[in-house]
Structure formats: structure tokens, C-alpha cells
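Computed from a prediction, not measured in an experiment: that's the story for all the values here. One-based numbering, in listed order, for ligands and for the atoms of each.
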Amino acid sequence: MPERDKKSVYIAYTGGTIGMRHGRQGYEPAPGFLERQMEKLPVLWSEDMPHYRIHEYDPLLDSSNMSPADWVKLGRDIMSRYHSYDGFIVLHGTDTMAFSASALSFMFRNLGKPIVFTGSQIPLCEVRNDARENLIASLLIAAGHSIPEVCLFVGHQLLRGNRATKVSANRFLAFSSPNYPPLGEAGVDLRIHGDRLLSLPEAPVAFDEVGHAQVADLRIFPGITPETLEGFLRPPLQGAVLHTYGVGNAPDRPDLLEVMRAASDRGVVLLNCTQCLEGSVRMADYVTGNALRDVGVVSGYDLTPEAALTKLYFLLSLGLDPEVVRARIQEDLRGELTHPDDATRSGIISLP
Ligand code: ASP
């Protein structure tokens with residue numbers, strides 16, 4: 001292939017196991033180390049590989065240390081180079097990768113190029129590792145396919161970023177996308193399912209930053225008291241994801257419901273997501289779910305926990321009125337949510 005036809009990929013290296021080395025207290029990121037490891041991989045210089053440029057972040061982070069400010073730094077970085085590259089890779093720790101991928105999916109509107117998050121469970125410097133395959137496949141995907149999405153490639157699967165959730169601490173297949181099928185697979189062929197991708201945008205790309213918002217996550221548990229709930233929902237909290245049972249049920253005790261109603265009345269947005277890995281919230285199904293709806297809790301349908309929290313952050317930080325946030329959070333903004341109406345339209349019929 002003539003040089004000028006080569007695609008070019010920008011790699012934002014934020015940290016994570018993929019580039020770590022063994023330090024005295026366990027794996028740690030080290031400046032310059034990953035690039036030196038990559039130089040030892042002749043395959044990266046192959047004719048079939050795209051040009052790439054790595055930007056190593058300072059400091060390199062274990063992704064457990066990432067915060068919304070890091071999502072913004074990453075988003076701004078990609079936005080500032082958007083028109084200079086064909087695709088983007090984010091090298092990132094797997095621990096909070098699904099949060100960062102979800103956050104970026106909301107911040108970029110009308111995305112027309114792939115942003116592929118990848119990382120690994122074993123660093124590239126180890127003899128046996130999953131880093132090499134993840135890196136090579138991500139480069140080929142970012143350069144070779146028209147994927148207008150923030151996605152995540154780990155362990156042979158390309159997933160929509162805001163549908164992915166980390167399900168294994170040890171396996172190479174560390175992520176799952178329980179409510180949306182994979183966008184692609186790397187087997188003998190590198191296969192992309194075009195019919196599962198978002199459509200190419202008609203408008204130019206735009207970037208809306210996540211700003212400051214007070215949000216939190218609460219897993220409902222048997223025996224939860226109104227005091228615990230009240231302490232949790234106390235000002236200045238603006239929004240909370242309530243992880244409920246099954247199709248969105250929680251104890252319908254009046255003392256708990258009263259605490260939720262008071263929080264909703266003060267403008268706290270309460271989002272109902274299921275603790276189950278798979279499936280959707282359907283608050284109308286049970287008395288216990290209906291009771292939540294009556295005190296102002298809104299449905300997160302089949303959002304992953306990561307997409308739910310980052311969507312709440314995103315919408316609240318735009319300074320929207322709580323009522324507007326309640327409405328928008330139930331809409332599908334970037335392919336992150338299946339609304340029951342869409343399921344019906346796609347031919348899935350629920351029997352009574
Ligand atoms: N602790 C690491 C991180 O998230 C784990 C990994 O990269 O897999 O940065």
C-alpha cells in the first residue's frame with residue numbers, strides 16, 4: 001500500500017495494566033515503558049498496520065484513580081485532534097474503562113470516527129499476555145472501519161462502550177455487554193457487524209464536557225433503614241442511581257418511600273437500575289416498583305451501572321432542570337438504552 005494511503009491512528013495512553021511493569025508493591029505504570037515495549041514488536045511496523053502516534057499522559061494512572069476531570073482531559077485531547085486522524089485508541093486500565101467509555105460516548109455528539117478503548121489483564125512486558133492481541137486488533141479496527149462510536153475492545157470482542165461492563169477480574173474476556181450484542185469479534189477474521197452500529201452522523205462532531213455534579217450510587221439491600229437512605233440522599237446530592245432488585249423493585253415501606261419522596265421534591269434525580277446483570281427495569285410490573293414511581297423515581301431501563309452513573313453526571317452537569325434531566329435520562333442518547341417502545345418496534349413482543 002502506498003504510504004500516503006495509510007490510515008493514521010492517535011493513541012491516548014492514559015495508564016492501566018497494559019503498559020505497567022512490576023514494581024516493589026505490585027504492578028505500576030512507568031513513563032516511557034510501554035513505548036519501549038511496543039518498539040520490540042516488529043508487527044507494529046508491518047505494511048498492513050496503520051501509522052500511529054502515542055501520546056503518553058502525565059501522570060499515567062491506574063484507572064482506579066480516574067475521576068470525571070480525567071474524562072474531560074481525555075475528551076478534550078481527542079477533540080483537539082479529531083480532524084487529523086482516522087481513528088482513536090484509548091489505552092486505559094480495565095477497572096474503570098466502562099465508566100470512561102460511557103462518559104466519552106455522552107460527551108461526543110455526532111461522532112463520525114471510532115474511539116476504541118482497550119487495555120489488558122496482563123501487561124505487554126510479560127511473556128504471556130493479552131495486551132498484544134488487544135493492541136493490534138484495536139489498531140486495525142480504529143484504522144480500518146467506519147465505526148461512528150465509542151467502543152471497547154478486550155478479549156476478542158468489540159463492544160459498544162456504554163453497553164459494556166467489567167464482569168471478570170481474571171479472565172481475558174473481562175467485559176460483557178449483556179443487553180446489546182457485540183459490535184464485532186476478532187476470530188479468524190476481524191468481523192464488524194455493520195447492522196449493529198449507530199448511523200453515521202449528518203451534523204458535525206460536537207463536544208459537551210461533563211462538568212461538576214454531585215451524584216452517587218446506592219445498592220438497595222435487605223434491611224436498609226430510612227436513616228441510611230436519608231444520610232445518603234442528603235444535600236448537596238443532585239442525583240443517585242438506585243440499584244434495585246429484579247425489574248426495579250425495592251421495599252415499599254412508607255418510611256423509606258417518604259425519604260425518597262422528600263429527596264425527589266427537593267430536586268434530587270433518582271434513577272432506578274436493576275442489580276441484575278441482564279434485563280430491564282419495568283416499574284409497572286409490581287406494587288413495589290410502582291411505589292417507587294409514585295415518589296418520583298425514574299426508570300433507567302437496561303442501562304449498565306457505568307452508563308447510568310455517567311449519564312447522570314453528564315446531564316446534571318449541563319445545569320438542566322431536574323425535570324428535564326428526568327425526561328432526558330429515560331431517552332436513548334447514544335445507543336446506551338433500549339426503550340421498551342424500541343423493543344416492540346424491533347419485533348420483540350411482550351406477552352401480558
Ligand atoms: N488496576 C488496573 C487499572 O484499571 C487494572 C487493569 O488495567 O486491568 O488501571
Atom CD of residue position Gln330 - does it have more than 12 heavy atoms of other residues, nucleotides or ligands inside 6.0 Å? yes
Does atom CD (Glu331) have a neighbourhood of more than 12 heavy atoms from anything else shown, all under 6.0 Å? yes
If the threshold is 4.0 Å, N to carboxylate O, is there a salt bridge linking Arg81 and Asp77? yes
Rounded to the nearest 0.5 Å, what's the gap from CD on Gln37 to CG on Leu135? Could you check? 11.5 Å
Less than 4.0 Å from some atom of ligand 1, heavy atoms are found in residues Gly16, Thr17, Asp62, Ser63, Gly93, Thr94, Asp95, Ser120, Gln121
Anything under 30° is parallel, anything over 60° is perpendicular, the rest tilted; go ahead and classify Phe106 against Phe314. parallel
Counting the benzene-type ring for Trp, do Tyr313 and Trp71 have ring centres under 6.0 Å apart? yes
